[in-house]
Amino acid sequence: MNIENITTVGVCGAGSMGAGIVQTAAQAGFQVKVVDVSEVVWARALKTITTSLERMLKKEKISEADMAAALARISFSTDVATLAGVPFIFEAVFESAEVKKELFGKLDAVCGDDVIYATNTSSLAITEMAALVKRPANFIGMHFFNPVPMMKLVEIIPGMQTVQATTDLALAMAEKIGKTSITCKDTPGFVVNRLLVPYMLDAVRLLEEGVASAADIDTAMKLGCGMPMGPLELQDYAGTDIGYHVGNIFYDYMKDARFAPPGLLRNMIKAGYLGRKTGKGFYDYSDK
Ligand code: 3HC
C-alpha cells in the first residue's frame with residue numbers, strides 16, 4: 001500500500017486524543033470516518049474540534065474555507081462496520097487492554113487483509129497489542145501528544161512482528177498529516193513519557209515536601225527552562241489521573257521508584273481533583 005493511494009482513514013475513539021487525530025487528518029485532506037460507542041462522546045469531540053479550528057481561524061493559520069472543508073470531510077458512526085474497506089485505522093480508545101481487545105476483534109471481523117492499525121497508546125506495549133489482531137505485521141504504534149492539532153511530534157513504535165512496509169507507511173502518514181516523527185523501541189514510555197513522567201511526578205514530590213508553591217514550581221520551569229507550561233499546570237491540562245494511571249503502569253512494569261505516583265497525587269485522584277476537566281487540580285478553575 002502507498003500513502004498516495006490512501007484517501008480515507010478511520011479513527012476509533014473520540015476522546016481528546018482521538019478528536020485531535022480526527023481534526024489533524026481532516027485538515028490534511030483525508031476523509032475521516034470516526035467510530036465511538038457513544039453519540040454523546042462524539043458531540044463533545046465535535047465541539048472540541050470546532051473550537052480548535054476557530055482558534056486557528058482567529059490566529060489566521062487557516063481560512064474559513066479550510067475550516068468548512070475539514071469539517072465536511074468528517075463523518076461519525078457508532079458502528080465499526082462503517083470502517084470496512086478503510087485502509088488505515090488510528091486507534092485511540094480508552095487505555096485498557098480489554099477495551100482494545102474487544103475493538104480489534106470487531107475491526108478484524110470487518111476490515112480487509114491489508115488494513116494498517118496504528119494505535120495511539122501511551123502505556124500499553126505495542127507487541128502485546130499486536131498479538132490481539134489477525135495480522136500483527138500490519139500493526140504499529142503512532143503516539144500523538146496533547147493537544148494533537150498543536151503538537152508537532154508523533155512517536156512511531158514498531159512492534160516485534162511489524163514489517164518495514166508498515167513502518168514506512170506510518171512514517172509517510174505522519175508526514176502527510178504535518179507531523180515530525182521519531183522512531184523508537186517498544187519500551188514503557190517510549191521516549192517522551194519515559195522522560196516526562198518522572199519529571200512531572202518529581203514536581204509533585206517538590207510540592208509535597210513544601211519546597212515551593214505550585215505557582216513557583218511552574219514559574220521556575222517556564223522561565224528557567226523555557227517550558228511552554230510548568231509541570232503542574234501541564235498535569236492539570238492533561239488530567240492528573242492520566243499521569244497517575246500511566247505512572248502506575250510504568251512502575252508495575254519497571255519497578256523503578258521514579259515512576260511511582262506520590263501520595264499527594266493519589267489523594268488528589270481520590271478527591272476528584274483531576275485538573276481542568278473537574279475544575280480543580282493543582283490550581284482552581286471553578287471560575288472558568
Ligand atoms: N487546538 C487545541 N488547543 C489549543 C489550540 C488549538 N488550535 N490553540 C491553543 N490551544 C490551547 C492551549 O492548551 C490553552 O488552553 P486555554 O486557553 O484553555 O488555557 C490555550 O489553548 C492556550 O492557547 P495559547 O494561544 O495561549 O497558547 P499557545 O498556542 O502559545 O500554546 C500549547 C499552546 C501549544 C498547548 C503550549 O502551551 C504547549 O506546548 N504546552 C505544552 C503541551 C505539552 O507538553 N503536551 C504534551 C503532553 S504529554 C502527552 O500528550 C503524552 C500523552 O501520552 C498523554
Side-chain angles (χ1 to χ4, degrees), residues 13 15-28 44-63 66-67 70-71 90-95 118-126 141-157 177-180 182 184 187-201 203 218-219 221-223 225-250 259 261 274-279 281-288:
S16 61
M17 299 304 281
I21 296 169
V22 170
Q23 179 188 332
T24 305
Q27 286 187 266
R44 201 161 52 215
L46 194 54
K47 190 161 177 272
T48 304
I49 294 169
T50 309
T51 307
S52 175
L53 289 168
E54 278 165 355
R55 297 185 90 120
M56 290 179 175
L57 188 60
K58 249 188 216 153
K59 288 181 184 168
E60 296 182 354
K61 285 184 181 166
I62 58 170
S63 67
D66 293 334
M67 177 169 166
L71 288 171
F90 293 97
E91 176 276 308
V93 299
F94 184 65
E95 287 279 86
T119 177
N120 175 58
T121 187
S122 51
S123 57
L124 301 172
I126 305 302
M142 284 183 79
H143 184 216
F144 289 83
F145 296 86
N146 198 10
V148 177
M150 305 290 287
M151 305 310 282
K152 286 282 173 209
L153 183 72
V154 178
E155 289 176 321
I156 308 274
I157 313 104
I177 62 176
K179 302 294 183 196
T180 299
I182 62 139
C184 61
T187 53
F190 313 130
V191 171
V192 172
N193 279 340
R194 178 86 172 259
L195 296 171
L196 185 66
V197 172
Y199 157 70
M200 294 201 303
L201 297 180
D218 281 341
T219 300
M221 294 314 291
K222 281 191 282 192
L223 301 189
C225 297
M227 299 289 193
M229 286 180 181
L232 302 171
E233 193 186 354
L234 180 58
Q235 289 178 75
D236 274 358
Y237 180 75
T240 56
D241 53 328
I242 304 291
Y244 178 75
H245 181 65
V246 168
N248 272 324
I249 290 176
F250 294 168
F259 293 95
L274 306 187
R276 286 192 190 202
K277 63 186 169 190
T278 57
F282 294 102
Y283 298 94
D284 197 316
Y285 305 90
S286 48
D287 62 339
K288 295 212 173 114

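Order of listing sets the numbers, starting from 1, for every ligand and every atom in it.
Evaluation of the side chain to side chain donor-acceptor pair (under 3.5 Å) test over residues 48-62, restricted to residues two or more places apart or in two chains, returns Q23-S52.
In this structure, the side chain of E95 engages the main chain of S123 through a donor-acceptor pair within 3.5 Å. Judged by distance alone, the side chain of N146 and the main-chain N or O of S16 form no donor-acceptor pair under 3.5 Å.
At a threshold of 4.5 Å between non-hydrogen side-chain atoms, the residues M17 and V148 count as touching.
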Could you go through ligand 1 and note, for every N or O atom, any protein N or O atom closer than 3.5 angstrom, writing the atom names and distance to 0.1 Å, or 'none'?
residue, atom, partner, partner atom, Å
ligand 1, 1 (N), S52, OG, 2.6
ligand 1, 7 (N), S52, O, 3.3
ligand 1, 7 (N), S52, OG, 3.2
ligand 1, 13 (O), Y237, OH, 3.0
ligand 1, 15 (O), R276, NH1, 3.4
ligand 1, 17 (O), R55, NH2, 3.0
ligand 1, 18 (O), R276, NH1, 2.8
ligand 1, 19 (O), R276, NH1, 3.2
ligand 1, 19 (O), R276, NH2, 3.2
ligand 1, 21 (O), R55, NH1, 3.4
ligand 1, 21 (O), R55, NH2, 3.2
ligand 1, 25 (O), K59, NZ, 2.6
ligand 1, 29 (O), K59, NZ, 3.1
ligand 1, 45 (N), N146, O, 2.8
ligand 1, 50 (O), N146, N, 2.9
ligand 1, 53 (O), H143, NE2, 2.8
ligand 1, 53 (O), N193, ND2, 3.0

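Under the 30°/60° scheme for interplanar angles, the aromatic rings of F94 and H245 are found to lie parallel.
Considering all non-hydrogen atoms of both residues, A45 and A19 come closest at CB-CB, 3.9 Å.
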